[in-house]
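The block underneath contains the structure these notes are about, expressed in structure tokens.
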Amino acid sequence: DVKVTQSSRYLVKRTGEKVFLECVQDMDHENMFWYRQDPGLGLRLIYFSYDVKMKEKGDIPEGYSVSREKKERFSLILESASTNQTSMYLCASSSGGLAYEQYFGPGTRLTVT
Amino acid sequence: AQTVTQSQPEMSVQEAETVTLSCTYDTSESDYYLFWYKQPPSRQMILVIRQEAYKQQNATENRFSVNFQKAAKSFSLKISDSQLGDAAMYFCAYRSGLNQGAQKLVFGQGTRLTINP
């Protein structure tokens with residue numbers, strides 16, 4: 001079974017803190033994604049990566065950055081956390097090919113106070 | 001840009017009955033893929049069913065089937081013989097058929113499905 005794990009299920013941070021969300025997949029997938037999930041808005045893509053050290057902006061990249069130094073690990077960084085970044089963050093990975101599904105992690109519920 | 005719309009924020013159904021979740025999308029492309037994902041209360045999102053736009057036949061996976069109407073840009077999910085374990089948030093998603101980067105998904109707003117015993 002494909003496993004996508006995220007470093008924390010729940011996280012509470014203060015405004016202005018630098019926050020790291022980690023994601024690891026164990027299936028040698030080329031592609032990795034970070035989404036943000038908010039009620040009524042569905043999932044929105046923040047950043048994605050299709051290879052080590054390669055990244056592309058998604059639909060809402062402002063206030064975020066990412067790092068992919070190893071194939072299995074994709075990190076989301078909030079440079080200076082703000083209250084409007086309180087949300088559920090989901091990581092996903094997929095193999096190459098258009099028909100392949102994305103496999104999701106359990107999510108990190110981040111609260112910024 | 002492509003958009004996906006789920007107009008039913010919440011749905012409920014009696015156990016063992018059939019329910020249909022609606023999804024419409026907007027695209028100018030002719031080649032694409034559509035997905036239904038399920039997110040149970042534990043939050044791990046899983047794939048329910050997928051449909052390739054070039055296939056006319058509607059996809060089926062056990063109790064789950066889709067009604068894909070390409071001209072109408074509609075992609076509804078039918079769940080037959082509903083079970084308590086079907087209670088979840090359901091998301092419709094679109095992926096372009098163009099081989100661009102990592103083939104990102106565009107998601108709808110989600111429909112929360114409740115199963116009444």
Side-chain angles (χ1 to χ4, degrees), chain A residues 1-6 8-10 23 25 29-52 54-61 66 68 71 74 87-109, chain B residues 1-10 21-25 29-55 59 61 64 88-112:
Chain A
D1 279 353
V2 175
K3 273 199 174 172
V4 180
T5 57
Q6 295 183 228
S8 306
R9 290 302 301 270
Y10 300 93
C23 176
Q25 50 94 4
H29 283 168
E30 294 87 350
N31 308 317
M32 295 189 75
F33 308 82
W34 275 107
Y35 293 93
R36 171 177 172 158
Q37 181 179 0
D38 298 290
L41 297 178
L43 278 72
R44 293 176 292 167
L45 182 64
I46 304 172
Y47 267 97
F48 63 97
S49 169
Y50 51 89
D51 202 350
V52 175
M54 305 302 289
K55 60 186 179 185
E56 284 198 26
K57 293 180 180 179
D59 300 317
I60 52 166
V66 291
R68 194 170 182 195
K71 192 174 185 179
F74 192 36
S87 186
M88 172 68 79
Y89 290 88
L90 295 177
C91 175
S93 72
S94 73
S95 182
L98 296 172
Y100 291 118
E101 68 182 277
Q102 291 187 12
Y103 293 86
F104 285 82
T108 296
R109 169 72 65 184
Chain B
Q2 296 83 17
T3 59
V4 177
T5 301
Q6 294 177 249
S7 58
Q8 306 154 317
E10 296 182 351
L21 308 184
S22 301
C23 173
T24 58
Y25 57 94
E29 298 175 341
S30 59
D31 189 19
Y32 49 87
Y33 298 80
L34 296 166
F35 303 83
W36 277 100
Y37 278 87
K38 171 186 178 181
Q39 187 181 42
S42 66
R43 298 288 184 177
Q44 197 104 24
M45 189 100 69
I46 57 174
L47 179 68
V48 175
I49 199 165
R50 87 186 83 200
Q51 175 80 43
E52 293 88 346
Y54 62 85
K55 290 186 177 179
E61 290 285 344
F64 298 86
M89 183 74 83
Y90 286 83
F91 291 97
C92 178
Y94 170 101
R95 175 190 287 164
S96 169
L98 300 174
N99 191 17
Q100 298 172 339
Q103 302 98 33
K104 59 185 180 181
L105 291 173
V106 178
F107 284 87
Q109 300 89 336
T111 297
R112 183 175 300 282

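The side chain to side chain contact (heavy atoms under 4.5 Å, CB included) check on A:Pro61 picks up A:Tyr47, A:Lys57, with sequence neighbours excluded.
In this structure, the portions of A:Leu43 lying under 4.5 Å from any heavy atom of chain B include both its backbone and its side chain. No part of A:Arg44 comes within reach of chain B, as not one of its non-hydrogen atoms sits under 4.5 angstrom from that chain. With a 4.5 angstrom heavy-atom cutoff, A:Met54 does not touch chain B via any of its atoms. In this structure, no portion of A:Asp38 lies under 4.5 Å from any heavy atom of chain B. With a threshold of 4.5 angstrom between heavy atoms, B:Ile46 does not approach chain A through any atom at all. When heavy atoms are compared at a cutoff of 4.5 Å, A:Glu30 does not approach chain B at all. When heavy atoms are compared at a cutoff of 4.5 Å, B:Tyr37 approaches chain A solely by way of its side chain, counted from C-beta outward.
Heavy atoms from other residues, nucleotides or ligands lying under 6.0 Å from CZ of B:Arg112 number 12 at most.
A donor-acceptor pair is defined here as one N or O able to donate and one able to accept, closer than 3.5 Å; such a pair exists between the side chain of A:Gln6 and the backbone of A:Gly107.
The residue among B:Gln44, B:Gln109, B:Met89, B:Gln6 with the most heavy atom pairs within less than 4.5 Å of chain A is B:Gln44.
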Derivation and outcome, side-chain contact (heavy atoms from CB on, under 4.5 Å), residues B:Val106 and B:Tyr25
CA-CA 10 Å; B:Val106 178; B:Tyr25 57 94; over 6 Å; no
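Under the 30°/60° scheme for interplanar angles, the aromatic rings of A:Phe33 and A:Tyr35 are found to lie parallel.
Residue B:Tyr54 holds its OH atom at 8.0 Å from CG of B:Asp31, rounded to the nearest 0.5 Å.
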